[in-house]
Every structure is written in C-alpha cells, then in structure tokens.
Amino acid sequence: MKSFCVTTPIYYVNDAPHVGHAYTTLHADVFARWHRLMGDEVFFLTGTDEHGLKIAEAAEKQGVDPQALTDVTSQRFKDVWAKLLIQYDDFIRTTDERHIKAVKAFTKKIYDSGYIVKDTWEGLYCISCESNYTEAESENGLCPIHKRKLESVKEDNYFFKLSEFEDRLIKYYSENPKWIEPETKYNEAFSFIKSGLKDISITRSSFDWGISVPWDETQVFYVWFEALINYVTALGYESDSSRFSNFWPNTVHLIGKEITRFHCVWWPAMCMAAGIDPPSKILVHGWLLVKGEKMSKSGLNKIDPSELVDEFGLDQFRYLLIKGSPFGPDSEFSYEELKRRNNSDLANNLGNLLSRVVAVVHSKCDGISPKCSSDSELKQDVEDAVEAAVLSWNNFAPADALEAVWNMIKRTNFYLEKYEPWKLEPGDRINAIMGDSLEVLRIVSILISPVMPTAACDMLRRIGLKIDLKNVDFNEEIRWGQYLGGVPVIKDVPLFARIK
RNA sequence: GGCGGCGUAGCUCAGCUGGUAAGAGCGCACGGCUCAUAAUCGUGAGGUCGCGGGUUCGAGUCCCGCCGCCGCUACCA
C-alpha cells in the first residue's frame with residue numbers, strides 16, 4: 001500500500017480563520033481524499049501555532065493565561081474545519097506536550113552536532129512597529145513606516161548555523177528540481193541560497209511564552225524555528241519510528257507564498273542538521289485577492305468561510321473555492337464570481353443534468369433505471385475525461401481535474417439534446433440513452449467525491465446506487481459499463497440551488 | 001540598485017521548445033428545443049496578443065529598448 005502525507009501550515013492563533021486559511025486546508029483535504037479514494041494510506045496533518053510574543057501580549061491585554069487564550073482561539077480553527085468537512089487525521093498544537101518533547105529532542109540533536117551555538121544578536125528595532133528592521137530597510141536609521149529613530153538592540157541568543165548548509169542545500173536543489181512547485185518559487189528560494197546564507201537567531205530571552213531551550217532554561221525558541229518541527233512531531237519523530245518512517249520524508253507541504261523561505265530554506269537545513277531527509281515536496285500557492293489586495297488578518301477584506309458555506313452550501317463552497325482559484329498563482333476572489341460559477345457549473349450543468357435524466361427516466365421508464373450499454377458513443381469521451389482527471393489529480397491540479405469532469409457533463413447534456421429521448425416512445429433506444437446518461441452520472445460522482453463528498457453520495461443515492469466511496473477499488477469502479485440499472489431512480493429537489 | 005515574473009476577446013484566464021485561418025469558460029446577442037433548476041443545444045461577436053524596433057520564409061511565441069504592474073533581495077505568522 002502506498003503512503004501519502006499532506007500538511008498545511010499550522011495557523012497562528014492570533015488570527016481568526018478566514019477564506020485564505022480555508023483555501024490551503026481545503027486543498028490539503030481534497031488531496032487527502034483523493035489518495036484515500038486511490039486506496040493509499042493517508043495522513044493529513046493540520047494544526048495551530050500558539051507560541052510567541054504576540055500571543056503573550058494578547059493574553060496579557062485580556063488578562064488571561066496564554067494557554068487559556070490559545071485553547072479558545074485554536075478551537076475556532078477546529079470549528080471551521082468541522083463545518084467545511086475537513087477530514088484531517090491529526091490536529092497538532094504547538095503547546096501539545098508531544099510537540100514540546102519532539103522539539104526538545106530535535107533541537108538537542110542539532111545542538112549536540114554543533115550546529116547551534118551561542119552568539120549575540122544585534123539589530124534595529126522600532127518601538128512603534130514592535131519589530132526589527134535590517135540596515136537595508138531602514139531609511140537613514142529611521143523606521144520606514146513611523147519615521148522615528150530605530151533603537152539598536154542586542155540580545156545573547158542561540159544561532160542555527162544555517163551558513164554551514166549552503167553547499168548541501170545547493171546540492172539538494174540541483175538534484176531535486178521539482179521538489180518545490182511552482183518553478184518560480186523553486187528559483188526564488190534557490191537563488192536566495194546561492195546568494196549566501198547567514199546564521200539565524202533561533203531563541204529569545206525577552207519573554208517566556210515558548211518552548212524552553214533544553215540546555216538553557218533562560219531562553220525560549222523563536223516561534224518559526226519551533227513551529228516547523230510540528231511536521232515531524234505529529235508523524236512520530238522520536239516517539240513512533242514505524243509511523244515516522246512510513247510517512248517521512250514522503251510528505252507534501254502545502255504553504256502560502258509568504259512563508260516560502262522558512263519552508264524552503266530553513267526547514268530542509270534543519271532536517272539535514274537533525275539527520276533526517278528533507279520533505280519530498282513543497283507546493284506553494286498564491287493569495288486570494290479581494291479587489292487586488294491580499295486577504296489577510298490586517299486587511300478589512302477578511303471573509304469568513306462559514307458565511308459562504310451558509311450562503312452557497314457546503315459542497316458548493318468547496319467546489320467554488322477549488323475550481324475558482326487554481327493552485328499556484330494569485331487569483332481574484334469575489335462574491336459575484338462565486339455566484340456565476342455556482343449557477344453555471346453546479347446548478348445549470350451538473351444539477352440540471354441530474355434533474356432532466358431523472359425526469360425522463362420517470363416519464364419514459366416508469367422510474368426504473370435502464371442498464372447502460374457497453375458500446376455507447378459517450379464511452380470514449382468519458383474514458384478520455386477520466387484519464388485527464390486522474391492525471392490532473394496526481395499533478396496536484398484539482399481545478400484541472402474538475403474541468404475534465406465538466407467536459408463529460410457538457411458532453412452528456414449535448415448527447416441528450418442530440419437524441420431527444422423525451423420525444424421517443426419507450427423502448428430499447430430510450431433505455432440505452434438513459435442508461436448511458438446514468439452511467440456518466442455514476443462516474444462523475446466518483447470523480448468529484450474528493451471535492452464534493454456529500455453531493456457525490458446524494459447523486460449516487462438518487463440514481464439508485466449504494467456505493468460506499470470509502471471502500472471501493474477505484475480502478476475497477478471507474479471503468480465504463482458498471483451501471484446495471486433495474487433500480488428506482490429518485491426524484492428530489494434540485495441538487496444545487498441557483499443563487500438569486 | 002540586483003535577480004525574476006506579468007501585461008492575450010467585456011470578465012477570469014490557456015497558449016510547451018516560433019509555423020494549420022489568434023483559443024476556453026463565463027457574460028452578451030440571435031436562433032432552436034421544451035425532458036430539466038427561465039435550465040439545455042446551436043451560431044455569432046470581428047481582441048493593434050502593453051508600446052516601438054529587430055531576427056526569420058514565418059513571432060503572443062526569439063532578441064533589444066520603452067511604459068505599466070508585481071515578486072524575491074534574512075529573522076513579519
């Protein structure tokens with residue numbers, strides 16, 4: 001059995017879940033569901049990142065314990081994922097005891113190998129921004145935003161000797177040209193590495209909401225350095241070697257483009273330092289833009305995924321998010337576009353196809369489905385579409401996979417128009433046409449099930465089938481000619497409602 | 001400043017190593033149909049492929065310059 005592991009970033013709990021988070025997590029979910037459908041052993045990991053200064057400050061402001069605060073804010077993510085039917089196998093929190101233990105083991109290993117050393121961090125700090133700046137960013141020693149003088153700050157910290165991994169990273173990148181996709185992000189990270197790497201400060205001593213350094217209790221790890229380790233924590237690093245070796249390094253990380261460097265430069269070096277292989281693949285996606293602006297916590301353009309689920313329906317929202325924004329480039333996200341796509345792709349094409357097929361079976365076949373024919377003229381188109389969809393799924397291009405499926409749907413609407421079964425007298429001809437149409441619907445429902453799990457089941461129910469999609473031999477089930485008919489076809493409300 | 005990307009029909013975008021008459025979806029217009037969720041099917045619109053040069057028998061597709069937008073250029077979740 002093949003294994004497949006997919007991860008999302010762990011989300012910083014300072015931020016309320018929005019469609020941007022949902023975009024990443026939903027992609028991970030459909031990839032996981034696709035691989036489960038293929039019969040692979042799947043591990044889908046997500047979670048929350050809960051340490052760091054910002055959380056400590058927020059907790060203090062509210063007069064609560066940071067752990068109590070993150071218990072609440074972490075739960076918000078779980079709630080949204082439940083609403084979106086995100087089927088993760090594990091939800092890790094960086095405040096979990098298992099993570100703290102794994103971080104200590106992981107970093108101790110690096111420390112013992114001599115790749116973590118103590119040094120002094122010096123930098124420029126803006127009190128208004130509460131953040132550090134580099135010489136290059138400062139404007140004559142002034143903060144580029146507040147135009148006030150930057151303070152020079154010094155702190156004794158531990159440093160990760162990233163510079164020592166330059167050659168190994170270059171070698172790794174050269175030997176694995178497809179390990180980061182899209183290619184532009186690979187190039188970006190690679191050129192960053194080739195331009196020379198500096199050591200990075202990985203601990204803080206000015207606050208204590210973090211994981212303490214095992215060999216120096218006066219310091220805690222910088223959130224990023226610690227957070228990345230979650231990926232191996234959950235897979236059983238130093239705690240479950242059989243699971244770990246089963247899923248690592250054959251793991252796919254899904255990330256947004258803003259965190260490319262941490263994942264594509266720091267993380268592989270950290271793995272090398274700790275003596276494990278880097279992950280096999282990192283997929284970088286762009287942003288969802290609202291009127292050209294990134295949807296983010298700081299902007300006012302945050303969109304709550306729950307509201308869209310309420311508006312469009314669960315499966316509709318899942319489809320719209322996957323189909324509307326290809327994985328990779330930035331893309332515009334608008335309510336108008338969602339509505340249009342919902343009405344044309346879902347209501348008019350797929351939903352209406354189901355309705356008209358069911359209606360004709362009722363009016364011409366007494367509501368009992370005919371068997372499909374083995375030599376339908378639809379057969380070749382369907383087989384081509386299946387092949388294209390499978391290829392796209394395996395290339396992590398779910399929007400393209402859906403496109404291929406919709407070609408089958410359009411083809412079938414055309415097929416009905418061509419033979420006008422509603423005009424024919426009941427008989428073999430009608431039976432063949434309707435049986436073939438039902439067969440397409442059966443195959444469609446299997447192919448869309450990773451994206452629209454409940455709609456897929458509902459379609460199967462309506463065409464009189466009881467297929468447990470959790471337990472099918474995909475290659476067997478997807479072949480043309482399995483719709484045997486002879487079962488009642490169910491009339492019901494439209495599968496997908498039109499909006500306004 | 002350095003490196004890289006983008007600018008194709010009203011909208012969102014495909015167009016790999018240059019070569020059948022510039023494409024798709026949506027929207028729009030007209031026509032057909034009436035089984036279906038005013039759904040579906042057909043036809044169409046006539047876009048200087050950012051601008052200006054160049055290479056070539058032939059260039060969205062290669063080269064140069066220009067304009068506009070964007071990303072990366074180290075510690076922001």
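Within every chain, numbering begins at 1; the chains are lettered A, B, ... in the order of the sequence lines, protein sequences first and strands thereafter.
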Atom CH2 of A:W406 and atom P of B:C13 are separated, to the nearest Å, by 21 Å
- Stacked cation flag A:K257 on A:W287, 6.0 angstrom / 45 deg: yes
Would you check if the distance from the ring center of A:F221 to the ring center of A:F106 is below 6.0 Å? no
Rounded to whole Å, the CZ-C1' distance (A:F192 to B:C72) equals 9 Å
For B:G7, the nucleotide meeting Watson-Crick or G-U wobble distances (both under 3.5 Å) is B:C67
Against the side chain of A:A359, the closest entry in B:C75, B:G71, B:C35 is B:C35
Ion pair present between A:R341 and A:E336, side-chain N to carboxylate O less than 4.0 angstrom? no
Ring centres under 6.0 Å, that's the criterion: do A:H51 and A:F207 meet it?
no
Here the distance between atom C1' of B:U37 and atom NZ of A:K491, to the nearest Å, is 13 Å
Please confirm whether A:R429 makes a cation-pi placement over A:Y419, using NZ or CZ under 6.0 Å from the six-membered ring centre and within 45° of the ring normal.
yes
B:G50 glycosidic conformation (syn if within 90° of 0, otherwise anti) is anti
Exercise for the section: Please check if any side-chain donor atom of A:Q67 sits under 3.5 Å from a side-chain acceptor atom of A:D71, or the reverse. Expected result: yes
The residue, A:K185 or A:N413, whose nearest nucleotide of RNA chain B is more 5′ is A:N413
Numerically ordered, the residues 159-167 of chain A set in heavy-atom contact under 4.0 Å with RNA chain B is A:L162
In 5'-to-3' order, the base (B), backbone-only (S) or no-contact (-) status of each nucleotide in nucleotides 23-33 of chain B, using a 4.0 angstrom heavy-atom cut-off, is --SS-----BS
Between NZ of A:K194 and P of B:C72 the distance, given in whole Å, is 19 Å
Name the nucleic acid region contacted by A:G286, choosing base, sugar-phosphate or nothing; use a 4.0 angstrom heavy-atom cut-off, strictly under.
nothing
From CG of A:D330 across to P of B:G7 the rounded distance in Å is 14 Å
In whole angstroms, the gap separating P of B:C75 from CD of A:E258 amounts to 16 Å
_Within the supplied structure, the quantity of interest is the number of heavy atoms (other residues, nucleotides, ligands) at a distance under 6.0 Å from A:K118 NZ; does it exceed 12?_
yes
Angle class for the A:H27/A:F327 ring planes (parallel below 30°, perpendicular above 60°, tilted otherwise)? tilted
Among the nucleotides B:A36, B:C75, B:G71, whichever has the atom closest to the side chain of A:Y222 is B:C75
Would you call A:D381 and A:R411 a salt bridge, taking side-chain N to carboxylate O under 4.0 Å as the test?
yes
Give A:L495 one of three labels, base, sugar-phosphate or nothing, depending on what nucleic acid heavy atoms sit under 4.0 Å from its own.
base
To the nearest angstrom, the CZ-P distance between A:R462 and B:U37 comes to 11 Å
inquiry  = Heavy atoms only, 4.0 Å cut-off, all strands: where does A:L197 land among base, sugar-phosphate and nothing?
reply    = base
Exercise. Expressed in whole Å, how much space separates the P atoms belonging to B:A74 and B:G18?
Worked result: 36 Å
**Message:** Base, sugar-phosphate or nothing for A:A227? Non-hydrogen atoms, less than 4.0 Å.
**Reply:** base
Centre-to-centre under 6.0 Å for A:F91 and A:W81, is that the case here? no
Check nucleotides 1-6 of chain B against the protein and report each pair of N or O atoms closer than 3.5 Å, with its distance, or say if there are none.
none

Taking a pair to mean Watson-Crick or G-U wobble geometry with both distances below 3.5 Å, B:G46 pairs with none
From the list A:Y222, A:F225, A:W224, A:W267, ring pair (Phe, Tyr, Trp, His ring centres under 6.0 Å) with A:F160 holds only for A:F225
ask   = When you compare B:G1 with B:A59, how far apart are their C1' atoms, in angstrom units rounded to a whole number?
value = 33 Å
Using Watson-Crick geometry (N1-N3 plus N6-O4 or O6-N4) or G-U wobble (N1-O2, O6-N3), each under 3.5 Å, B:G1 is paired with B:U73
Next on the checklist: Using a 4.0 Å heavy-atom cut-off, does A:F496 contact any base of the nucleic acid, only the sugar-phosphate backbone, or nothing at all?
Outcome noted: base
Open item on the list: Measuring only the C1' atom in each nucleotide, how far is B:C3 from B:C11? A whole number of Å is fine.
Closed with: 33 Å
Item to check | Parallel, tilted or perpendicular, as decided by the 30° and 60° cut-offs, for the rings of A:W266 and A:F262 | outcome: perpendicular
- Task: Answer with yes or no whether the side chains of A:R356 and A:N413 bring together a donor and an acceptor at under 3.5 Å.
- Result: yes
Whole-Å distance, A:L350 CG to B:U40 P, equals 12 Å
For B:A38, the nucleotide meeting Watson-Crick or G-U wobble distances (both under 3.5 Å) is none
Of the candidates B:C76, B:U37, B:U40, the side chain of A:R356 sits closest to B:U40
- If the C1' atom of B:U12 is compared with that of B:G65, how far apart are they to the nearest Å? 31 Å
If pairing means Watson-Crick or G-U wobble with both distances under 3.5 Å, then the partner of B:G23 is B:C13
In terms of ring plane angle, is the pair A:Y319 and A:W406 parallel, tilted or perpendicular, where the classes change at 30° and 60°?
tilted
Comparing A:W224 with A:I200, nearest RNA chain B nucleotide closer to 5' gives the residue A:I200
Tell me what A:I10 touches on the nucleic acid: a base, only sugar-phosphate, or nothing, going by heavy atoms under 4.0 Å. base
